[in-house]
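Report on one structure; see the data block that follows.
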Amino acid sequence: GVVHCDSNLNGIILEDGNTFVGIWRRCETDSLFTIPHRLVATDWRDPSTYRPIIDEPLFVLGGSGAEDPSNIWTTTTSDMVTDDDEEESHTVALHVLLHDEQSTRCMLGQCSANGRHAFSLDGGKSWRYASTDAYNRTIRFDNGTTLEVDTRARPHVVLDSKTNEIVAVTTGIQPDQDSGYVWTLAQGVQKKGKHNNNNNNNELMT
């Protein structure tokens, strides 16, 4: 039969001001195994133009898949020029964070606390999913303390309104399985070379 669950749709309005590209989760089995799919719309204001792509999953993962896509953001890359007469071209990349559930499943009573990055170089038609975590259940604070949480889900990326660079990532936190509440963590992102001479790319910090 058909399995019903909320889609957790999220996405981005492209530069033309009309086109919407989104990612949503589709529950594929009775145990709510989730696979991300894409959605496109010619006019984000008109729901009748929304077209979910059901028969083309973005990536099929192990375990219970991935869900809870964040808002989608963009970066622009300069393509390599091999001829002096060629003009430099640019590629707009789309990015998203997802709640990774390859190790366990919230609906089975054991949530994961991992998030992973995916990106697209063709306007959202195909996506590549990272093999390593963007964040996990260990939260490190500037004062040297750490916090281990049971669940981190529903990621959201906070962007600088002028530069479009990542300022922070928010996630929903459940401290432990017995806690009857959740709270939102806003975790700042350090830029390369601006914190303890760190040579890594953008780094989550709290």
Side-chain angles (χ1 to χ4, degrees), residues 3-12 20-39 52 54 57-74 94-120 124 127-142 145-159 166-190 201-206:
V3 179
H4 296 282
C5 67
D6 54 324
S7 66
N8 290 356
L9 172 66
N10 220 327
I12 186 173
F20 179 82
V21 174
I23 295 179
W24 59 288
R25 69 169 185 176
R26 184 171 188 264
C27 294
E28 309 285 344
T29 68
D30 290 338
S31 60
L32 302 188
F33 172 80
T34 55
I35 295 179
H37 292 253
R38 65 190 178 99
L39 177 145
I54 297 176
L58 294 183
F59 24 75
V60 179
L61 305 168
S64 294
E67 62 173 11
D68 296 351
S70 72
N71 49 318
I72 296 175
W73 75 99
T74 62
L94 303 181
H95 304 266
V96 69
L97 288 178
L98 294 109
H99 180 205
D100 185 80
E101 290 200 318
Q102 295 184 79
S103 60
T104 183
R105 178 72 184 127
C106 281
M107 296 303 295
L108 301 180
Q110 292 182 321
C111 285
S112 73
N114 307 74
R116 292 199 178 183
H117 169 248
F119 70 92
S120 171
W127 293 77
R128 294 186 62 181
Y129 194 71
S131 59
T132 57
D133 294 332
Y135 59 82
N136 54 36
R137 69 179 71 253
T138 303
I139 302 167
R140 295 180 175 85
F141 295 89
D142 280 347
T145 61
T146 61
L147 176 66
E148 296 279 334
V149 298
D150 178 71
T151 304
R152 294 182 72 178
R154 306 295 172 99
H156 181 85
V157 175
V158 181
L159 302 172
I166 300 176
V167 175
V169 172
T170 67
T171 47
I173 301 293
Q174 184 177 25
D176 57 68
Q177 289 189 16
D178 296 328
S179 62
Y181 67 94
V182 296
W183 48 275
T184 299
L185 171 76
Q187 191 168 16
V189 177
Q190 281 285 357
N201 290 328
N202 292 354
E203 180 183 76
L204 287 177
M205 65 159 211
T206 304

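All residue numbers refer to positions in the sequence shown, counting from 1. Just so you know, these numbers come straight off a predicted model, no measurement behind them.
Taking every heavy atom of both residues into account, W183 and P175 meet most closely at NE1-CG, 3.5 Å. Considering every non-hydrogen atom in both N114 and H99, the closest pair reads O-CD2, 3.4 Å. When every heavy atom of I23 is checked against every heavy atom of I72, the shortest pair comes out as CG1-CD1, 4.2 Å.
Partners of S70 under the side chain to side chain donor-acceptor pair (under 3.5 Å) rule, at least two apart in sequence or in another chain, do not exist in this structure. Not counting sequence neighbours, the partners of H156 by the side chain to side chain donor-acceptor pair (under 3.5 Å) test are N71. With sequence neighbours left out, S120 forms a side chain to side chain donor-acceptor pair (under 3.5 Å) with D122. With sequence neighbours excluded, no residue satisfies side chain to side chain donor-acceptor pair (under 3.5 Å) with T132. Residues satisfying the ring pair (Phe, Tyr, Trp, His ring centres under 6.0 Å) test with W24, not counting sequence neighbours, are H37. Looking at residues two or more places apart in sequence or on another chain, you find a side chain to side chain contact (heavy atoms under 4.5 Å, CB included) between R116 and D100, Q102, Y129, D133.
Between V182 and Q174 the shortest side-chain heavy-atom distance falls below 4.5 Å. Between I166 and L159 there is a side-chain heavy-atom pair separated by less than 4.5 Å. Y135 is listed as a side-chain neighbour of P155, based on a closest heavy-atom distance under 4.5 Å. Two residues are said to be in side-chain contact when any heavy atoms from C-beta on lie closer than 4.5 Å; I139 and R152 meet this criterion. In this structure the side chain of L97 reaches within 4.5 angstrom of the side chain of W73, judged on heavy atoms.
A side chain to side chain donor-acceptor pair (under 3.5 Å) with R154 is found for exactly one of D68, T170, T171, T184, namely D68.
The distance from the CD atom of E67 to the CD1 atom of I35 is 12.5 Å, given to the nearest 0.5 Å. In this structure, the separation between CZ on R25 and CG on N10 is 12.5 Å, given to the nearest 0.5 Å. Separation of atoms CZ (R26) and OG (S7) is listed at 12.0 Å; rounding is to 0.5 Å.
At distances below 3.5 Å, at least one donor-acceptor pair connects side-chain atoms of R137 with backbone N or O atoms of V149.
Using the six-membered ring where Trp is involved, F119 and H95 have ring planes that are tilted, between 30° and 60° apart.
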